[in-house]
Amino acid sequence: MRFLNLYMPFGILEVKTVFQYNAWFWVEMLRSIIAMLIMTAFWKAIYADQSSIEGLTLTVTLNYVILARALGNANASSVFWWVASHISKGELELQLLRPVDFQLMHLFRDATGWAMNLVRSMPALLIAILFFEAKLPSDPLAYLAFLITFVLGGIVLFFLEFMFGCLGFYTTEVWGLGILREGIALFFSGALIPLNLMPEAIRAFASLTPFAQALYVPISFLSGVQSPSQLGNAILTQVCSIIVLGVLSRMLFTRAARVLTVQGG
Amino acid sequence: MPTIEVTNLEKTFSIPQREPGLGGAFKGLFNPKYTKKTAVDSISFSLETGEVVGYIGVNGAGKSTTIKMLTGILEPSGGSVRVLGRNPHKDRVANARDIGVVFGQRTQLWWDLALRESLWLVAKIYEIPKAEFARRLEEFADVLELEELLSKPIRTMSLGQKMRAELAATLIHRPKVVYLDEPTIGLDVLVKERIRGFLKAQNKQYGTTVLLTTHDLGDIEELCSRVLIIDSGQLIYDGALETIKQRFGTHRTMKFELSTVGAGLASPLQMPNGAEITNQEGSSLELRFDRLKCSASQVASSVMNQLEVLDFSIGEPDLTSIIKQIYAGGLS
Amino acid sequence: MQRKGKRGKRKMTEGKADFSLFSFLFPLRRYLELYALFFVQRLKIFLEYRISFLIGASSTFVVQAAGLFSIWAIMRIVPNVVGWSFDQVLLLYGMVTLARSFEHMFADNLWTLGRHHIRDGSFDRFLVRPINPLFHLFADRFNHDGIGNFIIGLVVVIRSSLALQIEWNLEKVVCMVLAALGGGLIFIALNLITCVSAFWIIDSTPITLGVHEWHEFARYPLSMYSSNIKNALTFIIPYGLVSYYPALFVLGRDSSFLAFASPFMGVGLMLLGYALWNVGLRRYGSTGS
């Protein structure tokens with residue numbers, strides 16, 4: 001009951017925003033449907049002559065790619081674009097003057113965004129379940145594994161995005177950099193295919209990248225590609241990534257902020 | 001034939017009405033309701049070749065809408081516009097060759113291009129031959145001090161530099177008519193001076209007809225011999241700058257220099273009806289009076305009767321206060 | 001009386017017909033010249049901002065590579081999708097990318113029509129210049145990011161056709177060139193048709209995106225989809241004409257006329273788009289937003 005009381009307003013708010021931007025809402029639906037139609041057709045064709053590839057059945061693979069499409073970007077970070085847009089408007093220095101920890105402020109901002117994104121993904125998820133045979137797990141542990149790795153993965157990604165954002169202090173080419181980074185992310189995150197189907201060497205490398213930590217790991221728990229028994233390992237890797245990236249991004253930020261104040265923008 | 005001829009010009013917009021809430025948004029989708037807003041209401045005026053005319057009024061009075069109809073961007077809802085004998089909306093392309101427009105803060109130049117390249121593109125659009133382009137560029141470089149700006153991209157320019165660049169781009173094809181929407185907004189005094197000088201010179205040399213909207217009365221006083229005032233879509237004044245002062249400047253100021261500091265004012269000063277003290281400091285006294293209610297001599301003699309006066313002067317009516325009065329609705 | 005007057009007027013213009021028959025070539029030549037000039041100026045910017053140029057072009061490159069890599073990773077294990085090999089799927093992918101690159105390079109400004117030009121009023125500047133506003137909009141910003149798409153499309157098409165050992169003849173070459181150019185027109189025209197809605201709703205991006213997104217279907221053999229989707233992609237949102245049918249022809253699997261249909265469809269859709277654009281312009285003239 002308390003949960004509902006606490007979160008209902010968010011839900012109502014979300015429904016309202018969805019209706020406010022109704023054109024965007026519908027186009028996102030349409031894009032999801034198109035992507036799911038293509039995925040379903042493609043994977044059915046791939047699995048036409050075999051029941052299992054690298055240990056994954058059609059059901060699991062389809063489940064994975066469709067859930068990745070529906071939920072995969074929910075824990076994305078907006079800090080990079082935020083920094084980019086403030087640099088182009090010349091307002092970044094002003095933001096740095098705020099009496100709060102710049103990095104922490106953004107982490108909290110992003111985290112609220114994740115919750116909203118999850119709610120926002122619900123229609124796409126519903127479509128996936130109703131029309132595209134996506135199946136949510138029956139094991140409650142799988143949901144727990146998803147949620148934990150979703151949040152931890154989000155933090156890992158945040159620190160990386162934050163470091164990308166710091167590059168914006170040095171170069172004004174942030175827009176191109178942003179798209180470049182998206183391409184790299186698409187490559188390694190497992191957004192298009194489960195990492196299991198990649199060649200071994202690439203897979204080993206990809207699974208360690210922050211992109212995969214944020215997308216592949218939680219989605220693989222939810223879709224059944226990984227069983228919840230792998231949770232311990234996953235958390236360990238994510239926590240290590242957070243420590244390493246957290247320290248690195250902190251160092252980079254301190255230096256970058258100095259550049260900004262010395263150059264005066 | 002006048003260069004610009006505007007007859008009973010009208011522009012009404014239909015504005016969709018949005019009801020609040022989800023239901024309202026939904027209703028608006030299927031059964032939109034509109035309210036009519038008349039932005040320009042039956043305006044008539046004409047500009048002769050070579051005139052420089054100021055077009056003033058508060059924000060939202062209809063200035064920009066009028067200019068958009070004169071440039072051919074908007075189609076009038078009623079009445080007619082002729083610019084150089086053409087209908088600017090129907091004959092948009094032909095009209096565009098002969099006009100130049102500055103839209104206040106919005107640049108028409110290419111953000112990343114160096115000014116010289118930008119101007120060359122503009123020149124090509126208007127089909128100016130290369131040699132002619134070079135000659136005009138030299139002329140502009142002098143008056144607008146463009147030399148240092150020519151190799152600079154627009155996005156790196158300061159506000160004043162941008163406006164100079166903008167003016168060069170607007171006048172490079174030597175248009176017969178120029179519309180300027182707030183050409184000096186936000187600029188410092190020196191840049192304003194330079195821009196006014198440039199416009200004056202262009203007008204004098206080529207007989208360019210200029211219509212400019214501005215909130216800066218300095219622009220008007222220096223450039224315009226004639227002023228149009230628009231208020232809620234209606235033209236409320238069309239005439240010489242001088243007449244405006246006479247007609248609307250009903251209040252004058254009078255300054256007195258007294259022989260004694262603060263003396264003789266133990267009792268309140270007796271004043272004729274319509275006059276009041278605006279400032280009193282040390283030995284100086286300032287009065288403001290309505291010349292329709294009392295004359296200058298009445299005021300002066302009344303003060304002189306009560307106080308020892310060393311010197312006095314009558315102030316010219318000040319355009320700023322007249323315009324303020326007009327904006328505040330003091331004319332209706 | 002009135003009718004007679006009209007006829008008289010027509011007769012007058014008919015008298016000049018032989019002159020006006022060619023006069024359209026003068027503006028055409030002028031526009032080509034202007035486009036070249038705009039293009040050269042943009043090029044100068046790239047040279048000045050070389051890093052930006054490289055990042056922009058390579059960014060599209062990397063995004064495409066990610067998609068291609070995924071297909072490769074899976075078809076390395078399962079070398080056949082509805083009877084198409086990896087290299088054949090690659091050919092489709094490359095053809096779509098190539099055609100799309102024309103839209104990306106030459107007509108990218110359409111995307112910003114509503115969100116940028118109409119919303120903040122900067123569209124006005126196109127209307128006070130003595131050239132066609134649509135031409136101005138197109139010419140105003142050649143987008144170098146599209147070069148990345150062009151190169152990757154070209155490389156992928158060449159690579160896959162080498163791997164497939166296609167026996168080239170004149171017909172096939174013509175088919176490929178027409179597919180790329182006509183396909184480019186289809187991409188541009190569909191964007192034009194949808195972007196014109198900006199004159200009514202200001203932000204047309206969702207609508208444009210909603211239609212544009214359909215091109216992703218055409219990266220795979222249409223035989224993979226249900227007949228409804230296949231028909232839609234052939235006749236309604238005809239991205240299928242860009243890749244699938246020409247590829248069938250070049251691969252010698254089918255010789256349907258649809259392989260050569262993209263230029264016709266492209267021109268037809270462009271005309272429709274231009275007509276709608278003019279309606280939109282008229283609306284802009286009466287509302288100013």
Side-chain angles (χ1 to χ4, degrees), chain B residues 11-16 34 39 64-65 67-77 88-114 116-127 151 153 155 166 169-170 173 175 179 181, chain C residues 26-27 29-49 52-53 56 109 112 116-137 139-144 199-202 278 281-289:
Chain B
K11 183 74 203 176
T12 30
F13 294 113
S14 304
I15 297 161
Y34 296 96
S64 298
T65 308
I67 298 232
K68 281 186 180 181
M69 286 191 280
L70 288 169
T71 50
I73 293 169
L74 283 182
E75 189 182 15
S77 330
H89 185 71
K90 293 246 155 62
D91 244 342
R92 204 178 44 72
V93 171
N95 180 61
R97 273 182 200 286
D98 288 331
I99 65 165
V101 193
V102 171
F103 292 114
Q105 305 280 326
R106 277 187 258 129
T107 181
Q108 334 176 29
L109 296 168
W110 290 264
W111 207 236
D112 296 310
L113 281 182
R116 187 193 297 280
E117 318 284 354
S118 256
L119 290 175
W120 176 230
L121 270 184
V122 174
K124 284 304 266 190
I125 289 176
Y126 290 94
E127 299 177 276
S151 52
R155 62 186 178 87
E166 204 69 25
T170 306
H173 63 290
Y179 305 99
D181 198 355
Chain C
F26 299 119
R29 203 187 133 196
R30 174 162 175 246
Y31 278 124
L32 283 175
E33 251 176 28
L34 268 180
Y35 197 93
L37 195 75
F38 272 89
F39 183 77
V40 168
Q41 299 293 21
R42 284 296 297 184
L43 222 58
K44 282 187 193 161
I45 300 180
F46 306 152
L47 293 181
E48 197 160 335
Y49 305 98
S52 152
F53 168 73
N109 233 7
T112 60
H116 176 211
H117 292 103
I118 293 179
R119 179 174 289 164
D120 74 5
S122 62
F123 187 69
D124 287 351
R125 89 180 165 108
F126 297 122
L127 294 177
V128 296
R129 295 248 167 89
I131 50 175
N132 185 309
L134 183 60
F135 167 81
H136 200 337
L137 184 72
D140 219 43
R141 203 168 130 260
F142 169 86
N143 191 344
H144 60 262
F199 286 112
W200 284 267
I201 59 168
I202 307 214
N278 280 328
L281 266 192
R282 219 168 302 139
R283 181 186 153 90
Y284 188 84
S286 68
T287 61
S289 63

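Lettering of chains follows the sequences in order, A, B, ..., and the numbering in each one begins at 1. Just the heavy atoms: all of them, side chains too, but no hydrogens, waters or symmetry mates, feed the values below.
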Chain B contact via C:Leu34 - side chain, backbone, both or neither, heavy atoms under 4.5 Å =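 Interface part for C:Leu34: side chain.
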Given a strict heavy-atom distance threshold of 4.5 Å, which part of C:Asp140 is in contact with chain B: side chain, backbone, both, or neither?
->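 It is both, since atoms from each part get that close.
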C:Tyr284: which of C:Phe123, C:Trp200, C:Phe126 passes ring pair (Phe, Tyr, Trp, His ring centres under 6.0 Å) =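 Only match with C:Tyr284 under ring pair (Phe, Tyr, Trp, His ring centres under 6.0 Å): C:Phe123.
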Contacting region of [X] [heavy-atom separation from chain C under 4.5 Å]:
| X | result |
| --- | --- |
| B:Ser77 | neither |
| B:Pro153 | side chain |
| B:Arg92 | side chain |

Evaluate the ring planes of B:Tyr126 and B:His173, with Trp represented by its six-membered ring, and classify them as parallel (under 30°), tilted (30 to 60°) or perpendicular (over 60°).
->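 Taking B:His173 first and then B:Tyr126, their aromatic rings lie parallel (interplane angle under 30°).
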Centroid-centroid under 6.0 Å between C:Tyr35 and C:Phe38 rings |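 Here the rings of C:Phe38 and C:Tyr35 have centres that are no less than 6.0 Å from each other.
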Pairs of heavy atoms under 4.5 Å with chain C: top-ranked of B:Val93, B:Val101, B:Asp112, B:Leu121 =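 Option with the greatest count: B:Leu121.
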Most chain B-contacting option - heavy-atom pairs closer than 4.5 Å, from C:Glu33, C:Arg141, C:Gln41, C:Lys44 |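 Most pairs with chain B among the choices: C:Gln41.
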When you measure from the side chain of B:Thr170 to the backbone N and O of B:Gly100, does any donor-acceptor pair fall under 3.5 Å?
->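 Between the backbone of B:Gly100 and the side chain of B:Thr170 there is no qualifying donor-acceptor contact (under 3.5 Å).
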Rounded to the nearest 0.5 Å, what separation is found between the CG atom of C:Leu127 and the OG1 atom of B:Thr71?
->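 Here the interatomic distance stands at 8.5 Å.
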Determine whether C:Thr112 and C:Asn109 make a side-chain contact, defined as any pair of heavy atoms from C-beta on separated by less than 4.5 Å.
->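 A side-chain contact exists here, since the closest heavy-atom pair is under 4.5 Å.
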